[in-house]
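Atoms within each ligand, like the ligands themselves, are counted from 1 in listed order.
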Amino acid sequence: MVRPGSTLGILGGGQLGRMIAMAAAQLGLRTHVYSPDEDSPAFDVCTEHTIAAYEDETALIRFAKAVDVVTYEFENVPGATAAILGAHTPIAPNARSLAVSQDRLEEKTFIAGLGIPVAPFAEVSGEAQLVDALKTIGAPAVLKTRRFGYDGKGQTMIRPETDPAAAWAAVGRAPSILEGFVPFEREVSVVAARTASGEFAAYDLCANEHRHHILDTTRVPAGVSAATEQQAVDIARTIADALDYVGVLAVEMFLVTGDGGERLVVNEIAPRVHNSGHWTLGGAVTSQFEQHVRAVCGWPLGETTRLGRVEMQNLIGRDVEAWDRILAEPGAHLHLYGKAEARAGRKMGHVTRVFSEKA
Ligand code: AMP
């Protein structure tokens, strides 16, 4: 059993790894962060670190033997890397959760197979297949690469007048899926946790607004009916149980309204702590980072109760220059990731504001 004083291995050294390491330290754990990037923000706050490639078998084995359990802060961990680590130490979430979330075709097939609504989709591995898929799915539609897409990268919108050849070129002619465009009213997500023994806890549904394809603001509550909120949590639980999932996961969904009703359509899952769960740090009894540490260590989950109405705003690029004004603002929780250079589009920090009224 992992006990306080044990070492948690974290693959990936970005802000998510950094906040996991800080939560682990609070619970008396040591942390060892593995990242190929010598400027990793998580290195500032961990006990030990390794700078090596994710393909470096010798370094991976040394790392695995030096820790008691391994987790990761990003889903594109190569399958071979997870397998090498898994041969020497427990790893959570499991390899299946990684594989499913790395490939949009596998992901959509898996989620639809659970009876959960997703956008209509079709596999596209060539231009002719794209033309065929457009005949059944219709335009508007979104063409997305199966792998390595994030923050709107690796995807292109197809309108009725779009030339399929141009769309196919826009995704680099990489194996893709075509998805029907969902006319959503709002984007929402559930952040939840599951332990190896099947204990499950979800945070309140949150509403997410993006700017230039990057998450800008998260608001909780999401402003949906109680029935929709419950349905979202049920969806997250069904997915987590089906994956035998261990750790925190996020399920991103579209809220579709019309005919006076609300409908949820799942877009994707992230097998890790998630930007849309940052509000829990200061906005809920237990943060998603602490919850993740508890889950991967096999410890009881913490309470997910929300402390008020919460807004989380990402500080992207030069937004971070407002740090001193935010510090002077009563009740604002400022989190800076320690990144030296405020490049455009780079997540530099976030601020969480908790308002006393709950709804
Ligand atoms: P993703 O990389 O799948 O998270 O997509 C990035 C963003 O593109 C989402 O947050 C949505 O705003 C938009 N998007 C993706 N897929 C669809 C879809 N099928 N219908 C409508 N909008 C979408």
Side-chain angles (χ1 to χ4, degrees), residues 16 73-76 97-112 116-124 130 133-160 162 164 167-168 170-172 174-191 205-219 222-224 232 235-236 239 249-258 262-279 312-314 316 345 347:
L16 301 181
E73 59 133 36
F74 66 113
E75 59 269 45
N76 287 320
S97 306
L98 273 181
V100 164
S101 60
Q102 281 175 1
D103 181 334
R104 291 186 194 273
L105 180 62
E106 260 203 62
E107 182 178 49
K108 287 262 154 41
T109 307
F110 166 74
I111 296 167
I116 295 167
V118 295
F121 66 98
E123 179 177 2
V124 173
L130 172 59
L134 279 166
K135 281 183 199 146
T136 41
I137 288 175
V142 188
L143 184 64
K144 302 179 178 178
T145 57
R146 284 173 60 171
R147 303 177 75 87
F148 302 121
Y150 70 97
D151 288 348
K153 294 188 174 67
Q155 63 173 271
T156 188
M157 180 78 180
I158 301 187
R159 296 190 168 76
T162 305
W168 182 233
V171 294
S176 294
I177 66 168
L178 183 72
E179 281 180 27
F181 182 81
V182 180
F184 61 84
E185 198 256 319
R186 218 170 304 163
E187 294 188 75
V188 296
S189 57
V190 182
V191 175
L205 189 70
C206 53
N208 302 310
E209 279 169 33
H210 298 83
R211 200 170 21 133
H212 308 304
H213 297 290
I214 300 173
L215 181 65
D216 181 50
T217 309
T218 297
R219 292 190 172 83
V224 301
I235 287 172
I239 292 172
L249 89 165
V251 184
E252 296 183 57
M253 309 175 191
F254 299 126
L255 176 76
V256 183
T257 53
E262 293 176 341
R263 200 159 57 81
L264 291 169
V265 176
V266 171
N267 180 31
E268 61 182 357
I269 54 182
R272 54 172 170 82
V273 292
H274 192 257
N275 198 166
S276 70
H278 285 6
W279 67 268
M312 186 290 304
Q313 195 195 347
N314 270 340
I316 295 167
K347 290 174 181 170

Would you say [X] and ligand 1 have an N/O pair spaced under 3.5 Å apart?
X      : result
Glu187 : yes
Val182 : yes
Gly180 : yes
His210 : no
His213 : no

[X] neighbourhood, listing ligand 1 atoms whose heavy-atom distance to it stays under 4.0 Å:
X      : value
Gln155 : 1 (P), 2 (O), 3 (O), 5 (O), 6 (C), 8 (O), 15 (C)
Glu179 : 16 (N), 18 (C), 19 (N)
Lys144 : 3 (O), 15 (C), 16 (N)

*asked:* Between Glu209 and Arg186, does any side-chain N to carboxylate O distance fall below 4.0 Å?
replied: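 Judged by the 4.0 Å cut-off on N to carboxylate O distance, Glu209 and Arg186 do not form a salt bridge.
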*Can we say Arg146 and Glu123 salt-bridge, meaning some charged N sits less than 4.0 Å from an Asp/Glu carboxylate O?*
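Answer for the salt bridge query: yes.
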*Are side-chain heavy atoms of Glu75 and Pro271 found at a separation under 4.5 Å?*
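They are in side-chain contact.
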*State which residue, out of Val182, Val265, Leu264, fulfils the side chain to side chain contact (heavy atoms under 4.5 Å, CB included) condition with Leu255.*
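Of the listed options, the one satisfying the test is Leu264.
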*Between the side chain of Thr162 and the main-chain N/O of Pro164, is any donor-acceptor distance below 3.5 Å?*
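Not a single qualifying donor-acceptor pair exists.
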*Is the count of non-hydrogen atoms from other residues, nucleotides or ligands lying under 6.0 Å from Arg263 atom CZ greater than 12?*
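Atom CZ in Arg263 is not packed in, count stays at 12 or less.
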